[in-house]
Participant: 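Below is the structure I would like to discuss, written out as structure tokens.
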Amino acid sequence: MQEASAIVNQPGRAPLTNVGLTLGALSGAMNRPSHLPGLVVLYGPSGLGKSTAACAAVTQLRAYYVEAKSSWTRKAVYQSILTVMGIVPAKTIYEMEAQVTEQLAVSGRPLIIDECDHLVARGSIEIVRDIYQGSNAAILLIGEEHLPANLARWERIHNRVLEWVPAQYADLDDARALRDLYCKRVAVADDLLEYIHSQSKGIARRICVNIERAQQTGLELGRKEMDMAAWGKRPLYTGDAPVRGAR
């Protein structure tokens, strides 16, 4: 959470694209007129930095954050949210729902449910509507690329979405922000960073892996800066498993 906040708070620097989009959408839901819906859905392929954006929202907007698990029952959803809230869960689901909605209404803080696809798969997504109806709180749902299509089957959820936020692939400015955040021991030159960005295909997680590889290589070589000349023909992480060589 501190790292995501650092990206947002760097003086004179814009936040990562997905951090800025998420903070803007969730802030809008928090400050919306009372007659407008309050759900926000952030969706996209793995590795684009959706959870990093969520961490920034926890820091900047004091959001309650839970990450859904495939094993979660309805009871587990409420227990997990209440644990994050610092509230001892009541004995029944009905009572726990009342605890959650009351805390959200009183605190004015948003709720973030990451990996929301699991709730959809288990048919537990109606819990979100119950929480929203009882609290009128801003709620951010985060999931994979197919989440909007899956939510379309749940009309009472789908109709309460204020904003759909497709996660964006990292651009070169995002890559620079990640470099400036994580490369403290060895500088990564612009030409090498551009190569890393292109080979990583805009996937933030891969960019992070590769700039760390560049930094570690620089430390091994005793260099203060790594550029394309120093990197040479070393391979970058692409996410693909290596092909087994013929015997």
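Position 1 is the first residue of the sequence; numbering continues from there.
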Participant: Would you kindly say whether Gln99 and Glu95 are connected by a side-chain donor-acceptor distance under 3.5 Å?
Facilitator: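 No.
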Participant: Less than 4.5 Å apart, any side-chain heavy atom of Val120 and any of Ile157?
Facilitator: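 Counting from C-beta outward, Val120 and Ile157 never come under 4.5 Å.
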Participant: If you take all heavy atoms of Gly38 and Ala29, which pair is closest and at what distance?
Facilitator: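 Taking every non-hydrogen atom into account, O-CB, 3.9 Å.
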Participant: What residues join Leu48 in its hydrophobic cluster, counting side-chain heavy atom gaps under 4.5 Å, either direct or through other members?
Facilitator: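 For the cluster that includes Leu48, the remaining residues are Tyr169, Ile203.
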Participant: Please tell me whether Leu162 and Tyr132 are part of a single hydrophobic cluster in this structure, the criterion being side-chain heavy atoms less than 4.5 Å apart.
Facilitator: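 No, no single cluster joins them.
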Participant: Checking Glu225 now: which residues fulfil side-chain hydrogen bond (donor to acceptor under 3.5 Å, both in side chains) with it, not counting sequence neighbours?
Facilitator: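 Not a single residue meets the side-chain hydrogen bond (donor to acceptor under 3.5 Å, both in side chains) criterion with Glu225.
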Participant: Indicate, with yes or no, if Leu23 and Leu178 share a hydrophobic cluster defined by side-chain heavy-atom contacts under 4.5 Å among Ile, Leu, Val, Met, Phe, Trp and Tyr.
Facilitator: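 Yes: a chain of side-chain contacts under 4.5 Å links Leu178 to Leu23.
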Participant: Compare all side-chain heavy atoms of Ser80 with those of Trp72 and state whether any distance is below 4.5 angstrom.
Facilitator: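 The answer is yes, as the side chains (C-beta and beyond) meet within the 4.5 Å cut-off.
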Participant: Nearest 0.5 angstrom please: Ile207 CD1 to Leu236 CG, how far?
Facilitator: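 Here the interatomic distance stands at 11.0 Å.
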Participant: Ignoring hydrogens and geometry beyond distance, is a side-chain donor-acceptor pair present between Asn136 and Arg32 at under 3.5 Å?
Facilitator: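 Yes, a side-chain donor-acceptor pair sits under 3.5 Å.
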Participant: Taking transitive links into account, so neighbours of neighbours count too, which hydrophobic residues share a cluster with Tyr237 at under 4.5 Å side-chain distance?
Facilitator: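 Val209, listed by chain and number.
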Participant: Just by distance, do the side chain of Lys224 and the backbone of Gly218 share a donor-acceptor pair under 3.5 Å?
Facilitator: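 Not confirmed, Lys224 side chain does not pair with Gly218 backbone.
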Participant: Could you tell me whether a side-chain N or O of Ser27 sits under 3.5 Å from a main-chain N or O of Gly24, the two making a donor and an acceptor?
Facilitator: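 Side chain of Ser27 to backbone of Gly24, a donor-acceptor pair under 3.5 Å: no, none is there.
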Participant: Write down the atom of Ala53, the atom of Thr22, and the distance for their closest heavy-atom approach.
Facilitator: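 Looking at all heavy atoms of both residues, the closest pair is CB-OG1, 3.4 Å.
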Participant: Find the distance between CD1 (Ile211) and CZ (Arg206) and round it off to the nearest 0.5 Å.
Facilitator: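 With rounding to 0.5 Å, CD1 (Ile211) is 15.0 Å from CZ (Arg206).
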Participant: Sequence neighbours left out, what passes ring pair (Phe, Tyr, Trp, His ring centres under 6.0 Å) with His158? Give chain and number order.
Facilitator: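 Partners of His158 under the ring pair (Phe, Tyr, Trp, His ring centres under 6.0 Å) test: Trp164.
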Participant: If you apply the rule side chain to side chain contact (heavy atoms under 4.5 Å, CB included), what do you find for Asn210 with Gln199, and how did you get there?
Facilitator: CA-CA 9 Å; Asn210 283 319; Gln199 294 299 303; 5.6 Å; no
Participant: Supply the atom-to-atom distance Arg176 CZ to Leu181 CG, rounded to the nearest 0.5 angstrom.
Facilitator: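 Here the rounded value is 15.5 Å.
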Participant: Under a single-linkage definition using a 4.5 Å side-chain heavy-atom cutoff for Ile, Leu, Val, Met, Phe, Trp and Tyr, are Leu141 and Val58 assigned to the same hydrophobic cluster?
Facilitator: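 In one cluster with Leu141: Val58, no.
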Participant: Say whether, by atom type as modelled, one donor and one acceptor occur between the side chain of Lys50 and the main chain of Leu42 under 3.5 angstrom.
Facilitator: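 No: the side chain of Lys50 does not pair with the backbone of Leu42.
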Participant: Hydrophobic clusters here meaning ILVMFWY residues chained together by side-chain heavy-atom distances under 4.5 Å, can you tell me if Tyr64 and Val40 are in one?
Facilitator: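 The answer is no; the residues belong to distinct hydrophobic clusters.
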Participant: Starting at OG of Ser135, measure out to CD of Gln103 and round the result to the nearest 0.5 Å.
Facilitator: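 Interatomic distance, Ser135 OG to Gln103 CD, rounded to 0.5 Å: 11.0 Å.
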Participant: Does any N or O in the side chain of Arg122 come within less than 3.5 Å of the main-chain N or O of Ser70, such that one atom is a donor and the other an acceptor?
Facilitator: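 Checked: pair present.
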Participant: Report yes if the side chains of Ile125 and Cys116 come closer than 4.5 Å at any heavy-atom pair, otherwise no.
Facilitator: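 Yes, their side chains come closer than 4.5 Å.
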Participant: Go through the steps for Leu104 and Met85 under the test side chain to side chain contact (heavy atoms under 4.5 Å, CB included), then give the verdict.
Facilitator: CA-CA 9 Å; Leu104 288 173; Met85 290 177 167; 3.7 Å; yes
Participant: Between SG of Cys183 and CE of Met226, what distance do you get to the nearest 0.5 Å?
Facilitator: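 Between Cys183 SG and Met226 CE, I get 10.5 Å after rounding to 0.5 Å.
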Participant: To the nearest 0.5 Å, what is the distance between CD1 on Ile196 and CE on Met228?
Facilitator: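 Going from the CD1 atom of Ile196 to the CE atom of Met228 covers 9.0 Å.
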Participant: If you take all heavy atoms of Ala57 and Leu26, which pair is closest and at what distance?
Facilitator: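 Reported closest heavy-atom pair: CB-CD2, 4.0 Å.
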Participant: Quick one: does Lys201's side chain have a donor or acceptor within less than 3.5 Å of a partner on His197's backbone?
Facilitator: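 Side chain of Lys201 to backbone of His197, a donor-acceptor pair under 3.5 Å: no, none is there.
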Participant: Which pairs, with at least one residue in residues 145-157 and sequence neighbours excluded, count as a salt bridge (charged side-chain N to carboxylate O under 4.0 Å, His left out)?
Facilitator: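 For residues 145-157: Glu126-Arg156.
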Participant: Given the rule in the side chain to side chain contact (heavy atoms under 4.5 Å, CB included) test, do Asp130 and Arg74 qualify, once you have shown the distances and angles that lead to the verdict?
Facilitator: CA-CA 12 Å; Asp130 294 337; Arg74 293 173 63 89; 3.8 Å; yes
Participant: Contact between Leu82 and Val100 at the side-chain level, heavy atoms closer than 4.5 Å - yes or no?
Facilitator: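 Touching, per the 4.5 Å side-chain cut-off.
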Participant: Is Glu115 reaching over with its side chain to a backbone N or O of Lys69, donor-acceptor style, under 3.5 angstrom?
Facilitator: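 Checking the backbone N and O of Lys69 against the side chain of Glu115, no donor-acceptor pair under 3.5 Å is found.
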Participant: When you measure from the side chain of Arg179 to the backbone of Leu193, do you find a donor-acceptor pair of N or O atoms at a distance under 3.5 Å?
Facilitator: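 No, because the side chain of Arg179 does not come within donor-acceptor range (under 3.5 Å) of the backbone of Leu193.
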Participant: Going only through I, L, V, M, F, W and Y residues with side-chain contacts under 4.5 Å, is there a path from Leu140 to Val77?
Facilitator: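 In one cluster: no.
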Participant: Side chain of Asp174, backbone of Thr17: donor and acceptor closer than 3.5 Å?
Facilitator: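 Yes.
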Participant: With side chain to side chain contact (heavy atoms under 4.5 Å, CB included) as the criterion, how do Leu221 and Val186 come out once you've worked through the C-alpha distance, each side chain's angles and the decisive distance to 0.1 Å?
Facilitator: CA-CA 11 Å; Leu221 297 176; Val186 176; over 6 Å; no
Participant: What residues form a side-chain hydrogen bond (donor to acceptor under 3.5 Å, both in side chains) with Tyr43, not counting sequence neighbours?
Facilitator: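 If we apply the side-chain hydrogen bond (donor to acceptor under 3.5 Å, both in side chains) test to Tyr43, skipping adjacent residues, there are no hits.
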Participant: Minimum heavy-atom separation for Ser51 and Tyr65, please, with both atom names.
Facilitator: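 The answer is OG-OH, 4.4 Å.
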Participant: Using atom types as modelled and distance alone, determine if a side-chain donor or acceptor of Arg109 lies under 3.5 Å from a backbone N or O of Arg62.
Facilitator: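 Yes, Arg109 side chain to Arg62 backbone: donor-acceptor pair under 3.5 Å.
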Participant: Give the minimum heavy-atom separation between Ile131 and Thr101, together with the two atoms involved.
Facilitator: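 Between these two residues, the closest heavy atoms are O-CG2, 3.6 Å.
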Participant: With a 4.5 Å cut-off on side-chain heavy atoms, are Ile127 and Tyr78 touching?
Facilitator: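 In short, these two side chains touch, coming nearer than 4.5 Å.
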Participant: Could you tell me whether the side chain of Tyr182 and the main chain of Glu212 form a donor-acceptor pair under 3.5 Å?
Facilitator: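 No, Tyr182 side chain to Glu212 backbone: no donor-acceptor pair under 3.5 Å.
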Participant: A side-chain contact here means heavy atoms from C-beta on lying under 4.5 Å apart; do Arg234 and Thr217 qualify?
Facilitator: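 The answer is yes, as the side chains (C-beta and beyond) meet within the 4.5 Å cut-off.
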Participant: Looking only at heavy atoms, which two atoms of Ile112 and Ile142 are closest? And how far apart?
Facilitator: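 Nearest heavy atoms, Ile112 then Ile142: CG2-CD1, 3.8 Å.
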Participant: Is the number of heavy atoms from other residues, nucleotides or ligands under 6.0 Å of Glu102 CD greater than 12?
Facilitator: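 Not more than 12 within 6.0 Å, no.
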